[in-house]
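Take a look at the structure below.
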Amino acid sequence: MSNPNITPMASWVPVAKDSDFTIYNLPFGVFQNKRLSPRLGMAIGDKIVDLSVLHEEGFFSELSQLPHDIFLRDALNDFIGLGKPVTRKVREIVQDLLKEENEQLREHTCRGKAMVNRNEAQMMLPVKVGDYTDFYSSMEHATNVGTMFRDPNNALLPNWKHLPVGYHGRASSIIPSGVPIYRPKGQFKDPNKEQPEFGPSRRLDFELEMAFITGGPTKMGDSISTEDAEDYIFGMVLFNDWSARDIQAWEYVPLGPFLGKNFASSISPWVVTLEALEPFRQAGPKQDSEVLPYLQCKKDHAFDIQLEVYIQPDGMKASKVCTSNFKYMYWNIAQQLAHHTVNGCNINVGDMMASGTISGPTEDSYGSMLELAWKGTKPVKLEEGGERKFIEDGDTVIMKGYAEKEGIRVGFGEVASKVLPAK
Ligand code: MN
């Protein structure tokens, strides 16, 4: 194999060829089922490795600092808080145990107890999110939005190429895949009317994003350099930053997004580690305006992750409406974290930092309905008939993401959420 980052591996656990959860991936999540209380697991194929069982059986005995109940929690925070050397080692031990040639777990009496069926498990929010930040780091997205709402000739504002623009979002309404959302209500103003109106949003949209989850914590006053940034990033998830465009357009001046954004954000439940994404690291887009030294990077921090968005109306087939890629991001995760902390802002374990809508260069790669249907002027056709300008009640929005190279696949699964009528 030509890629030095990839050592060929096979597992004794059956893994379908198109499975996101290969032995190269082994993402972390929190699950429960009818029998088991919430606990930490790792996905492989159609199974979940119950880490608490492996710990009980002594498979992690070389890690003396692991508390006995560390995997019997309802969030990954305490585990992530043990630091990368520990979390990385746990992943390596499990990866080794799952290898085809390794008999230790395969032939162990605890095997049945340790391997839980994924289709019987309910996935929970993987972390308790203390703080959520949303960036605006796709140049294509920022250009499209600037073109639609301001001026095509000056679509990017003067600061955009000098710093990763972002805002502080709301953590309380971050929910895992599968939990439906209610159409938000709020104020919006028709440009042809004198007064604003109140009611259910008429322009409900998704935003295709990815988010990283931080380790830490850091102290107030301290900053994280681009060079050290990845030491503070545990892993990534898919992120649907639900947006009500009509509420957003009326409220956002001068302080930015508020009720148009904070009613819900949906995430995929499996956290894919940076270690698993390593083979897919590559250079990001060339930054054509030289950035200040604290934003300069010594290595590549972009990742080649293919992204898809589907809309599935109630009782109908899902239609793919967008194909994008995380590699298009102008600002990378190291620059985002360095910028976020350069003023001395502290971070905590389990903070979530989303990329901003990930739009690519072509019209079918735009990461929101706002752009795909260009402000409602070019409705998107659905496979079984009908079209969409925005998201309607009963629609399920599904986002998928995976990296694939030389027959090796590391995927995120999906984040799927249905829109219910306003309460
Ligand atoms: Mn967003």
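The first residue of the sequence shown is numbered 1, and numbering continues consecutively from there. As the structure lists them, so they are numbered: ligands from 1, and atoms in each ligand from 1.
Summary: OE2 is the N/O/S atom of E209 found nearest to the Mn ion (ligand 1). Restricting E207 to its N, O or S atoms, the one at the least distance from the Mn ion (ligand 1) is OE1. Of all the N, O or S atoms in D241, the one closest to the Mn ion (ligand 1) is OD2. As for D134, its N/O/S atom nearest the Mn ion (ligand 1) is the one called OD2.
A ring-centre distance under 6.0 Å is found for Y132 and F239.
Across D364, L208, I311, a single residue satisfies side-chain contact (heavy atoms from CB on, under 4.5 Å) together with V321, and that is I311.
Relative ring orientation between W160 and Y136 is described as perpendicular, the plane-to-plane angle rising above 60° on a 0-90° scale split at 30° and 60°.
In this structure, K317 does not pair ionically with E384, as no charged nitrogen and carboxylate oxygen lie closer than 4.0 Å.
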